[in-house]
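Here is the naming used below: chain letters follow the sequence lines, and residue numbers restart at 1 for every chain.
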Amino acid sequence: MEKPITKIKEGKKATIVRLIGGHGFQRRLRTMGIREGKVVEVVTRHPFGGPLVVEVDGRDTTIGRGMAERIIVKE
Amino acid sequence: MKKIVLMGNPNVGKSVVFSRLTGAKVIASNYPGTTVDFLKGKMRLDKETVEIIDAPGTYSLEPSNKAEEVAVKMLDQADLVINVVDATNLERNLFLTLELLEKNTPVVVALNIWDETKHIGISINVKKLEELLKVPVITTTAVTGEGIKELVSRLHEATSLGKINKPTKEEERWIAIGHIIKEVQNVTHRHHTIKDRIAEATIKPFTGIPIAVIVIFISFWIVRFIGENLIGYVFEPLFNLYRPIAMSISDWLGPGIFHDVLIGRLIEGEIDYGQSMGMLTTGLFVPFGMVLPYIIAFYLMLAILEDSGYLPRLATLTDNVFHKLGMHGHGIVPVFLGLGCNVPGALAARTLETRKQRFISATLMAIAVPCMAQIAMIFGILGPYGILYIFLVFGTLFIIYVIAGLILNRYVKGESPEIFLEIPPYRKPSIITILKKTWMRIRWFLTEAIPFLFLGVLLINILYVVGFLEWLGTAFAPVTEIWLGLPKESSIALLVGFLRKDLAVGMLLPLGMTPMQLVIATTILAIYFPCVATFAVLVKELGVKDMIKSTGIMIATALVVGSILRILLIVI
């Protein structure tokens with residue numbers, strides 16, 4: 001089932017299906033490794049609406065909660 | 001002169017490659033028409049001197065911020081590009097490489113951080129990569145210097161493929177990258193190591209926050225340790241050697257205006273570096289003998305935290321708080337730099353993306369982040385009364401930072417985008433890069449801040465001698481006396497604070513105030529206005545209109561906080 005990456009539990013993996021947003025937004029995510037078809041692991045979710053840390057290709061990236069809502073994944 | 005530009009993603013060790021290529025003479029400058037700074041150096045190549053430019057890190061040639069814009073502009077002036085690529089993160093890095101290859105500038109690829117690929121089970125077929133990219137690919141480990149010689153010797157092989165590689169669409173580029181990776185890279189799966197576990201612990205909130213507190217505590221302890229020892233074993237002995245020289249200048253000048261300005265008052269017939277207030281006595285001693293040692297220690301520690309990869313983790317951990325104050329985690333950087341000297345702190349605010357974020361970051365820093373000069377003086381003055389009083393000052397400043405931030409976030413118009421930050425793996429910092437970085441910042445302090453400080457003392461002394469400060473002090477006395485409950489003379493110190501915060505704190509000493517009054521005075525001194533050097537930079541960074549707003553906020557905060565503190569600390 002497709003859902004935003006914010007719904008994935010800590011330590012679990014998922015595959016990116018699509019990015020919702022303008023050209024600039026999508027490009028920024030892709031150049032930092034977050035693109036369709038990639039397997040991501042949610043390293044940690046900071047509480048109280050804080051950022052997510054995700055791992056793609058062995059590299060961590062911090063993403064604000066709002067941006068992360070627009071990354072759609074499939075488990 | 002030929003120009004070689006280093007281009008690459010952030011965190012690929014580009015500046016380490018840069019410092020390996022260039023000699024000791026490195027200049028930091030602003031890109032014309034912008035506020036983005038970059039490093040420039042020279043090297044000998046085939047009996048010719050060439051210029052090397054370290055462009056800001058960028059993920060693509062379609063910039064998403066000011067620094068990336070500059071990187072793209074630099075590319076247009078380049079005769080040759082060294083594309084520094086992180087070998088442990090090849091796929092992502094190749095996007096920029098392919099974009100560069102579509103341009104008409106010759107490119108050489110430096111496949112950096114090569115040594116680490118073996119440790120983490122990545123093998124790359126360099127020959128094959130060279131064939132596919134059609135430009136020289138040299139493996140380097142800049143931290144140890146491995147491969148740098150070969151890189152230099154193969155610079156002349158650089159080729160431009162602009163005519164072959166037609167500009168492609170973004171999607172096509174990703175497909176091409178997919179093919180290249182499949183052909184050249186082989187990743188053996190590996191299990192998480194202890195190093196990974198530690199890295200994870202420092203970014204998860206429940207373990208990361210306590211670790212962050214410890215790291216910051218230890219850092220400041222080291223800064224204090226280095227600073228105190230530099231003063232005790234280097235700077236104070238130097239100033240003791242200088243004392244007889246200053247005394248003979250004093251004798252030679254005799255009493256008069258020149259003596260008052262240059263040497264100042266003699267305390268029991270001797271020069272007192274702390275209280276004489278002359279340009280050649282206190283004016284030299286405070287910046288060099290008291291502040292500079294801490295600046296050296298502070299920037300050394302900061303460079304270590306930066307280059308080890310800890311700062312992005314700290315930014316992640318603090319993001320939640322900073323986001324509620326209208327910034328994001330990156331807002332920690334201006335705060336940290338500002339603790340050294342507010343001027344670089346104000347400059348660091350520009351790394352935030354929007355006007356709103358920059359305005360809030362700069363204003364809050366000017367209000368609630370005391371610079372090393374002030375911190376040293378606050379410790380000097382309140383230290384004898386006990387750590388509690390020092391804690392009161394810093395605690396108050398912290399609370400002000402948070403409350404003012406919450407208010408500004410609510411009322412300042414504009415966007416505050418979220419954090420989006422790559423977390424580089426922990427790396428052992430390169431000693432030369434750390435020393436170079438520290439030296440660049442110290443040199444910056446020496447050449448940009450010290451002249452202002454010196455001029456400040458001169459102006460204060462002249463205004464004092466002609467009686468202007470007395471007059472102004474009396475005019476402002478009602479504010480300090482009635483509103484803040486401080487002695488009338490402290491108004492002079494507050495006015496001097498605009499020029500020299502550190503000296504102003506020193507001027508509070510002979511007024512015989514109670515510890516609580518000192519707490520109020522030093523806190524107000526920290527809040528109400530930045531020093532003139534910071535002020536000048538802020539006008540440039542924010543523009544006149546925003547700076548007027550910012551100044552209004554500072555003065556209002558000082559008055560409000562001053563009266564609250566008075567009620568809390570003295571009346572009750």
Side-chain angles (χ1 to χ4, degrees), chain A residues 4-73, chain B residues 9-11 58-65 86 88-93 95-96 99 120-122 170-171 173-174 177-178 181 187 190 192 196 199-201 203-209 309 312-313 315-321 323-324 328-330 416-425:
Chain A
I5 196 168
T6 48
K7 294 275 189 289
I8 303 293
K9 288 205 178 71
E10 255 183 43
K12 289 271 177 285
K13 286 181 185 163
T15 309
I16 299 176
V17 184
R18 112 184 104 115
L19 308 170
I20 303 170
H23 167 75
F25 172 77
Q26 296 198 4
R27 187 186 168 98
R28 263 185 85 196
L29 287 177
R30 287 195 191 111
T31 50
M32 277 169 74
I34 296 161
R35 57 194 173 90
E36 296 85 344
K38 283 277 168 193
V39 176
V40 283
E41 181 187 330
V42 175
V43 177
T44 181
R45 292 189 301 188
H46 284 253
F48 312 115
L52 260 75
V53 179
V54 302
E55 188 191 313
V56 182
D57 292 333
R59 193 59 63 93
D60 289 355
T61 307
T62 302
I63 310 172
R65 194 58 72 105
M67 281 174 92
E69 296 279 357
R70 289 145 70 186
I71 301 169
I72 307 299
V73 297
Chain B
N9 292 11
N11 311 317
T58 180
Y59 289 101
S60 79
L61 294 181
E62 199 173 293
S64 64
N65 63 40
D86 177 354
T88 65
N89 205 3
L90 185 61
E91 188 171 345
R92 239 177 258 190
N93 279 245
F95 190 81
L96 180 68
E99 278 190 313
I120 60 174
I122 293 175
E170 198 186 316
E171 264 169 46
R173 236 175 260 143
W174 285 120
I177 289 168
I181 289 296
V187 183
R190 81 201 166 96
H192 281 232
D196 294 332
E200 237 172 52
I203 206 162
K204 287 188 173 178
F206 299 107
T207 40
I209 290 170
R313 288 170 172 84
T316 303
L317 290 167
T318 54
D319 177 66
N320 220 329
V321 175
H323 196 59
K324 293 191 170 55
H328 55 61
H330 205 74
S416 53
E418 291 186 306
I419 193 169
F420 185 47
L421 199 62
E422 186 180 359
I423 310 292

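Looking only at heavy-atom pairs under 4.5 Å with chain A, the residue among B/Asn93, B/Val187, B/Asn89, B/Asn9 that has the most is B/Asn89. Your options are A/Ala68, A/Gly24, A/Gly66, A/Gly49, and the one with the most heavy-atom pairs under 4.5 Å with chain B is A/Gly66. Among the candidates A/Glu55, A/His23, A/Arg45, the residue making the largest number of heavy-atom pairs closer than 4.5 Å to chain B is A/His23. Among A/Thr62, A/Val56, A/Val53, A/Asp60, the residue with the largest count of heavy-atom pairs under 4.5 Å with chain B is A/Thr62.
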Steps toward salt bridge (charged side-chain N to carboxylate O under 4.0 Å, His left out) verdict (B/Glu170, A/Arg35): CA-CA 12 Å; B/Glu170 198 186 316; A/Arg35 57 194 173 90; over 6 Å; no
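Contact of B/Tyr59 with chain A is made through backbone and side chain together, with heavy-atom distances under 4.5 Å. Both the backbone and the side chain of B/Glu422 come within less than 4.5 Å of a heavy atom of chain A. Looking at B/Leu96, there are no atoms closer than 4.5 Å to chain A (heavy atoms on both sides), in backbone or side chain. Both the backbone and the side chain of A/Val43 come within contact range of chain B, judged by heavy atoms closer than 4.5 Å. For chain A, no part of B/Glu171 is nearby; none of its heavy atoms comes within less than 4.5 Å. For A/Arg30, the parts lying near chain B are the backbone and the side chain together; criterion is any non-hydrogen pair under 4.5 Å.
To the nearest 0.5 Å, atoms CD (B/Glu418) and CD (A/Glu69) are separated by 9.0 Å. Note that the CG atom of B/Asp319 and the CZ atom of A/Arg65 stand 10.5 Å from one another [nearest 0.5 Å]. A/Leu52 CG to B/Thr316 OG1: the interatomic distance, rounded to the nearest 0.5 Å, is 11.0 Å.
In terms of modelled atom types and a separation under 3.5 Å, the side chain of A/His46 and the main chain of B/Thr318 share no donor-acceptor contact.
Pairing each heavy atom of A/Met67 with each of B/Ile419, the nearest pair is SD-O, 4.0 Å. The nearest pair of heavy atoms linking B/Thr88 to A/Arg59 is OG1-NH2, 2.9 Å. Residues A/Thr44 and B/Lys204 come closest through the heavy atom pair CB-CG, 3.7 Å. Across all their heavy atoms, A/Thr31 and B/Ser60 have their closest contact at CG2-CB, 4.0 Å. Taking both residues in full, the closest heavy atoms of B/Leu421 and A/Met32 are given as C-CE, 3.8 Å, listed atom of the first, atom of the second, then distance.
A/Phe48 has its side chain out of reach of B/His323: every pair of non-hydrogen atoms, C-beta onward, lies at least 4.5 Å apart.
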